[in-house]
Protein chains: 2
Amino acid sequence: MEEIDRAIVAALTADGRLSYTDLAEKVGLSVSAVHQRVRRLEQRGVINGYTARVSFEALDLPLTAFVAIRPFDPSQPDDAPVRLAHLPEIDSCYSVAGEDFYLLLVRVAGPLDLERVLQEIRTSANVTTRTTVVLSTPYEHRPPKVALDPAGPHRVRGASAESAGSQPG
Amino acid sequence: MEEIDRAIVAALTADGRLSYTDLAEKVGLSVSAVHQRVRRLEQRGVINGYTARVSFEALDLPLTAFVAIRPFDPSQPDDAPVRLAHLPEIDSCYSVAGEDFYLLLVRVAGPLDLERVLQEIRTSANVTTRTTVVLSTPYEHRPPKVALDPAGPHRVRGASAESAGSQPG
DNA sequence: TCTGAAAAGTAATTAAA
DNA sequence: TTTAATTACTTTTCAGA
């Protein structure tokens with residue numbers, strides 16, 4: 001039932017360009033049934049979109065680092081993510097609990113680029129940095145264990161009749 | 001020329017299911033020309049594969065945390081990544097320079113699950129953990145600035161870029 | 001919610017400029 | 001490296017169970 005949805009999500013995280021034909025065969029359903037379910041998963045937001053995975057080596061970005069930042073002056077307005085967004089070397093920005101304010105994931109060509117990016121981070125956001133260089137990546141972006149909420153993330157048990165098919169404005 | 005390849009990679013990271021027809025229109029080339037270039041990008045390893053992006057909220061995994069680990073007994077063989085690979089809550093595993101040995105990215109349903117996973121990490125790999133909870137994610141997995149090496153990733157300029165990698169095979 | 005089938009659109013190959 | 005034409009496959013929609 002939604003074991004099938006789980007299988008669909010798992011298959012599409014493994015290969016986002018799978019045809020509905022192949023997908024149907026994989027999950028043991030007809031093509032149009034699978035098609036329908038994928039559309040519902042997309043509408044519910046379970047599937048957000050599709051992307052090509054790129055090799056950072058091939059893009060000449062072999063050096064990854066985590067950069068923890070905290071403001072020089074903690075009394076000033078904290079808009080570091082916005083002030084740093086223009087730096088294409090920043091892959092991700094996480095607001096974190098703990099001693100640091102943000103944790104950045106950065107990808108560059110080499111140490112000299114890392115040095116430059118760190119300087120740009122410091123001056124752009126008026127922060128201090130603490131950098132952890134990544135030596136290798138045993139695994140990354142593994143597909144999550146899919147456990148689907150039957151009607152999306154806001155389900156209330158027994159609250160109302162089946163409204164899954166209706167669309168908000 | 002390879003400005004076009006850059007445009008193709010950028011377009012496919014933004015939407016991995018773009019048809020060659022749309023892609024061709026986007027980059028101003030014929031369909032089969034684009035098709036050819038995509039195949040070359042895939043063969044060169046610039047494009048590694050395609051995935052569906054899933055919403056971790058929708059999958060009931062709203063809590064993200066970074067878990068830094070180091071071994072209880074540093075003299076024992078260090079195979080933490082392998083010993084932890086069975087835990088589906090671990091999204092990524094980075095081997096890092098610095099005081100810690102590895103940095104894990106973990107996604108769970110809530111604090112109780114995080115507690116359980118931390119215990120499983122400690123017992124599975126015989127390590128201590130230091131956990132940083134993510135409060136929010138201003139941005140994540142941004143498309144990199146695409147700067148293509150004309151002949152792919154096997155260009156030799158000095159010989160240092162080889163082992164500093166960030167991607168698994 | 002499923003199946004099966006038809007129409008429209010797309011992929012992947014080939015020949016050739 | 002490109003365009004253009006071909007064939008097979010895929011997506012999408014529909015009627016019906």
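What you see is a predicted model, and the numbers here were worked out from it, not measured in a lab. Each chain gets a letter, A, B and so on, in the order its sequence line appears, and its residues count up from 1.
Judged as a salt bridge (charged side-chain N to carboxylate O under 4.0 Å, His left out), the pairs with a partner in residues 88-97 of chain B (not counting sequence neighbours) are, in order, B:Glu89-B:Arg116, B:Asp91-B:Arg107.
Counting only N and O atoms by type, the side chains of A:Tyr50 and A:Glu42 include a donor and acceptor under 3.5 Å apart. There is a side-chain donor-acceptor pair under 3.5 Å between A:Thr129 and A:Arg122. With 3.5 Å as the limit, one finds no donor-acceptor pair spanning the side chains of A:Ser124 and A:Arg83.
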Can you give me the N/O atom pairs linking the protein to nucleotides 9-12 of chain D at distances under 3.5 Å, or say none if there are none?
{"unit_1": "D:dT11", "atom_1": "OP2", "unit_2": "A:Tyr20", "atom_2": "N", "d": "2.5"}
{"unit_1": "D:dT12", "atom_1": "OP2", "unit_2": "A:His35", "atom_2": "NE2", "d": "3.1"}

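Atom CZ of A:Arg37 and atom C1' of D:dT13 are 19 Å apart (whole Å). Between A:Glu25 atom CD and C:dT3 atom C1' there is a gap of 16 Å when expressed in whole angstrom units. Rounded to an integer number of Å, the gap from B:Ile4 CD1 to D:dT1 C1' is 10 Å. The nearest whole Å value for the distance from the CD atom in A:Gln36 to the P atom in D:dG16 is 17 Å. Between B:Leu23 atom CG and C:dA12 atom C1' there is a gap of 15 Å when expressed in whole angstrom units.
For B:Tyr139, the OH atom is densely surrounded, since the number of other residues' heavy atoms within 6.0 Å is greater than 12.
Every residue was checked against the side chain to side chain donor-acceptor pair (under 3.5 Å) condition with A:Thr13, not counting sequence neighbours, and none meets it.
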